[in-house]
Amino acid sequence: MIQKKSFRSGFITIIGRPNVGKSTLVNRLVDKKVAIVSDKPQTTRHKIMAVVNQKDSQMIFIDTPGLHRPKDALGERLNQVVKSTLAESDAVLFMLDAYAGIGAGDEFIARELAGTKSPVVVALNKIDEIDTERLTKEINLVKGIGKFDHTIPISALKGDGTDELLGFLDRFLVEGPQYFPDGMISDQPEKILIGEFIREKILWMTKEEIPYSVAVSVEEIKARKKKDLIDVRAWIYVERDSQKGILIGSGGEMIKAIGKESRIEIESILGSKIFLDLRVKVRKKWRRDARIIDQLGY
Ligand code: GDP
Ligand code: MG
């Protein structure tokens, strides 16, 4: 009798300082065998970026807000969230930029990673920009900043080493369910996912009072005919005029910044350029508005 191989799955957290190429890697994986799926709107602690489906396995990549040297209480809190995400992962993918070289920011993350029980695999990115001599030097530097399970040189941009990376990460999957169905997500979760991304940007950029009063409702995601462009229309609901003022900012600075950051991320998720129509609306007690609540998928 042939024994059916059981299904394996796992969560892999990607961490690395800004600009090392995390989004590029996710895009690269998306090109291949990936479906983007939404996390449940309630579990905003994790942000699921990409799911790699293979025959008998599923690899779920989670992006983190990033570990920073905390400047204040909020910063500390965010680091705390990242750490618990790391601890719950089946593996951690620590991305480094071989071209820029390894620096203090990387060392800080490496020190934090030393405390995690999850296996840590290093992806040494941007090797397309350097020669072998330099690569050897950077690999040695990686050894100097921490103890990692493996270091894999890659070019997220060109796709070099990314199959090897997936192959290596495969060993950390454990027997478990297929968390997300095959294929692309339906319209509904996609809207929720994008709404959460926008809400997250608001969270990073505003202070105390705002995050709790904000809801983001993605009204429409629509591809423009014969153009490589997707229109995304989203409303940001707040409860008071004063909050609207804060979100728009003087001369519209704040809403522009929120829009810019959101757009970059939504484009990486949708794999297309987008036009983001983002508007702030005041709805007193939106928490009691059934239509808004429905739209939010709660
Ligand atoms: P993130 O901040 O870690 O998500 O980094 P991004 O994915 O946004 O990449 C930052 C910059 O590095 C972008 O300009 C990318 O095009 C570039 N980049 C990412 N991966 C590679 C790579 O493998 N080689 C080269 N040459 N550039 C890369
Ligand atoms: Mg990024």
Side-chain angles (χ1 to χ4, degrees), residues 12-32 34 36 46-52 60-69 78-79 82 85-86 89 91-110 112-113 120-139 141-142 145 148 151-166 168-169 193-194 196-198 200-201 203-205 228 257-274 276:
I12 293 153
T13 302
I14 307 179
I15 195 157
R17 60 177 176 74
N19 271 319
V20 294
K22 299 181 294 296
S23 301
T24 308
L25 178 66
V26 168
N27 279 341
R28 165 65 49 187
L29 299 177
V30 167
D31 271 340
K32 287 196 172 161
V34 180
I36 308 286
H46 301 162
K47 190 172 61 173
I48 291 175
M49 293 291 286
V51 176
V52 177
I60 298 153
F61 287 89
I62 299 166
D63 192 26
T64 59
L67 276 170
H68 309 276
R69 242 158 286 182
L78 294 178
N79 280 352
V82 176
T85 306
L86 293 174
S89 306
V92 175
L93 181 61
F94 180 21
M95 274 190 92
L96 295 166
D97 185 336
Y99 178 54
I102 285 139
D106 303 310
E107 285 169 23
F108 174 77
I109 296 172
E112 297 294 326
L113 287 178
V120 179
V121 176
V122 171
L124 190 54
N125 193 30
K126 308 196 188 179
I127 57 165
D128 55 291
E129 295 278 4
I130 58 171
D131 58 19
T132 40
E133 200 179 317
R134 179 76 201 285
L135 180 59
T136 311
K137 184 181 154 231
E138 294 299 325
I139 288 174
L141 284 174
V142 173
I145 64 169
F148 308 110
T151 297
I152 302 175
I154 67 164
S155 167
L157 195 66
K158 302 266 156 66
D160 301 322
T162 50
D163 280 340
E164 195 198 337
L165 178 65
L166 282 182
F168 192 83
L169 291 172
L193 177 72
I194 288 172
E196 285 295 281
F197 282 173
I198 297 169
E200 184 195 62
K201 302 301 167 288
L203 229 136
W204 299 147
M205 293 185 193
D228 185 20
I258 292 167
K260 180 168 174 258
E261 291 299 315
S262 303
R263 185 174 51 73
I264 293 168
E265 192 158 55
I266 298 167
E267 285 180 343
S268 100
I269 280 298
L270 295 179
S272 163
K273 290 271 167 222
I274 68 156
L276 180 59

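Remember, it's a predicted structure, so these values are computed and weren't measured experimentally. In listed order, ligands and their atoms are each counted from 1.
Among Lys158, Glu129, Lys22, the residue whose heavy atom sits closest to atom 3 (O) of ligand 1 is Lys22.
Each of the atoms 1 (P), 2 (O), 3 (O), 5 (O), 10 (C), 11 (C), 12 (O) of ligand 1 lies under 4.0 Å from some heavy atom of Asn19. Heavy-atom proximity to Val20, at under 4.0 Å, picks out these atoms of ligand 1: 3 (O), 5 (O).
Among the atoms of Pro18, none of the N or O lies under 3.5 angstrom from an N or O of ligand 1.
Put simply, the side chain of Ser89 never gets that close to the backbone of Val92: no donor and acceptor are under 3.5 Å apart. Lys22 contributes a side-chain N or O that, together with a main-chain N or O of Arg17, makes up a donor-acceptor pair within less than 3.5 Å. A donor-acceptor pair under 3.5 Å links the side-chain atoms of Arg134 to the main chain of Ala98, judged by distance alone.
Of the heavy atoms in Lys126, both backbone and side-chain atoms come closer than 4.0 Å to ligand 1. Heavy atoms from both the backbone and the side chain of Leu157 come within less than 4.0 Å of ligand 1. Under 4.0 Å from ligand 1, heavy atoms of Thr24 appear from its side chain as well as its backbone.
Salt bridge annotation for Lys273-Asp228: absent, with no cationic side-chain nitrogen under 4.0 angstrom from a carboxylate oxygen. Lys137 has no carboxylate O lying under 4.0 Å from a charged side-chain N of Glu133, or vice versa, which leaves the two without a salt bridge.
Counting only heavy atoms from C-beta outward, the side chains of Val120 and Leu86 never approach each other to under 4.5 Å.
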